There are 2 protein chains.
Amino acid sequence: MGYSTSRSGRLDATFAALADPTRRAILARLATGEASVNDLAKPFNMSQPAISKHLKVLERAGLISTGLDRQRRPRRIEATPLKEANEWLEKYREFWEARYEKLDDLLEEMRAEQGNKAVTKKTRRKKNG
Amino acid sequence: MGYSTSRSGRLDATFAALADPTRRAILARLATGEASVNDLAKPFNMSQPAISKHLKVLERAGLISTGLDRQRRPRRIEATPLKEANEWLEKYREFWEARYEKLDDLLEEMRAEQGNKAVTKKTRRKKNG
């Protein structure tokens, strides 16, 4: 496996591996099917060593594994670390849901207020007119 | 706001900030309510400068913000980066769900096979007995 056995250590490795746009793009590519280093290097317009370095970080985090084909050494995406990272984030779901509920409430309030103002203005205009 | 305007840049900062057990623990603490640096330093048994450094990383990623009270400078959790990180991970949900479905299938198969073996053994025993 090659990654830390504690859940906290695995989360460190997973989040660190995900903190790079190339590595996230590699995972997005592997989500469509397994690929060799050559396959992966092409669309990224990167040297093989540069890609290999990113693959090593992903593999250490357990986010990818290497198939048995000795020639192609195809990489494939591994789901477990993504699942664990997702589970960690899910604990905070109430925060962003509450936050967006609050924004909805605020918007509703502003709309109601705008409505009241419009009514007040009309009333005032009538009085003055 | 102090964090990159592109979504990819924000994800980099968020995942990097989450790749540390102390910073994840600070967020877990702030999930129970806002807290000053002093409040935060106590349970972590860390110096104020060490905590401040972690808070800076979290603040740059937009994961926390500082309240207006000049004396206490309370920090509070901000939900948006967590929501965006969650949205990124959700795209991969099918992988871990498929993975666990496959494991379930395998388990089912193994159980069925064990069942068959048990039956075969019984039949053999009867024949020999």
Side-chain angles (χ1 to χ4, degrees), chain A residues 3-4 6-34 54 57-58 60-65 75-104, chain B residues 3-4 6-34 54 57-58 60-65 75-104:
Chain A
Y3 57 92
S4 168
S6 82
R7 192 180 175 97
S8 176
R10 287 200 307 271
L11 278 176
D12 289 357
T14 303
F15 284 133
L18 297 180
D20 180 277
T22 305
R23 289 197 290 270
R24 288 197 303 275
I26 289 172
L27 287 178
R29 164 66 189 81
L30 293 178
T32 69
E34 56 175 40
H54 283 306
V57 177
L58 289 168
R60 266 204 306 268
L63 283 160
I64 64 170
S65 62
R75 304 315 206 269
R76 82 175 142 249
I77 193 169
E78 290 292 339
T80 306
L82 294 171
K83 183 175 186 273
E84 288 187 348
N86 182 261
E87 282 166 0
W88 186 88
L89 280 162
E90 281 293 332
K91 291 185 291 180
Y92 295 87
R93 174 176 287 279
E94 58 174 305
F95 286 97
W96 67 77
E97 283 182 348
R99 168 84 187 260
Y100 284 85
E101 259 168 44
K102 263 188 211 158
L103 283 178
D104 275 346
Chain B
Y3 57 91
S4 167
S6 81
R7 193 179 174 97
S8 176
R10 285 200 308 270
L11 279 176
D12 290 358
T14 303
F15 284 133
L18 297 180
D20 179 277
T22 304
R23 289 196 292 268
R24 289 198 301 276
I26 289 173
L27 288 177
R29 164 63 189 82
L30 292 178
T32 69
E34 56 175 40
H54 284 307
V57 177
L58 289 168
R60 266 203 307 267
L63 284 159
I64 63 169
S65 63
R75 304 316 206 268
R76 82 174 143 251
I77 193 168
E78 290 292 338
T80 307
L82 295 170
K83 183 175 185 273
E84 289 187 349
N86 181 260
E87 281 165 1
W88 186 88
L89 281 162
E90 280 294 332
K91 292 185 291 182
Y92 295 86
R93 174 176 288 279
E94 58 175 306
F95 286 97
W96 67 76
E97 281 182 350
R99 167 87 187 257
Y100 284 84
E101 259 167 44
K102 261 188 211 158
L103 284 178
D104 275 348

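In this text the structure is predicted, and so the values were computed from the model without any measurement. Below, chains carry the letters A, B, ... as their sequence lines are ordered, and counting in each starts from 1.
In terms of non-hydrogen atom pairs under 4.5 Å with chain B, the most contact-rich of A:A16, A:A85, A:P21 is A:P21.
The distance from atom CZ of B:R93 to atom CG of A:N86, rounded to the nearest 0.5 Å, is 5.0 Å. Distance check: B:L63 CG to B:L18 CG gives 5.5 Å after rounding to the nearest 0.5 Å. In this structure, CH2 in B:W88 is found 5.0 Å from CG in A:L27, a value given to the nearest 0.5 Å.
Heavy atoms of A:A17 lying under 4.5 Å from chain B are absent altogether. Contacts between B:I77 and chain A at a heavy-atom distance below 4.5 Å involve the side chain alone, from C-beta outward.
For residues 13-33 of chain B, the pairs satisfying salt bridge (charged side-chain N to carboxylate O under 4.0 Å, His left out) are A:D12-B:R24, with sequence neighbours left out.
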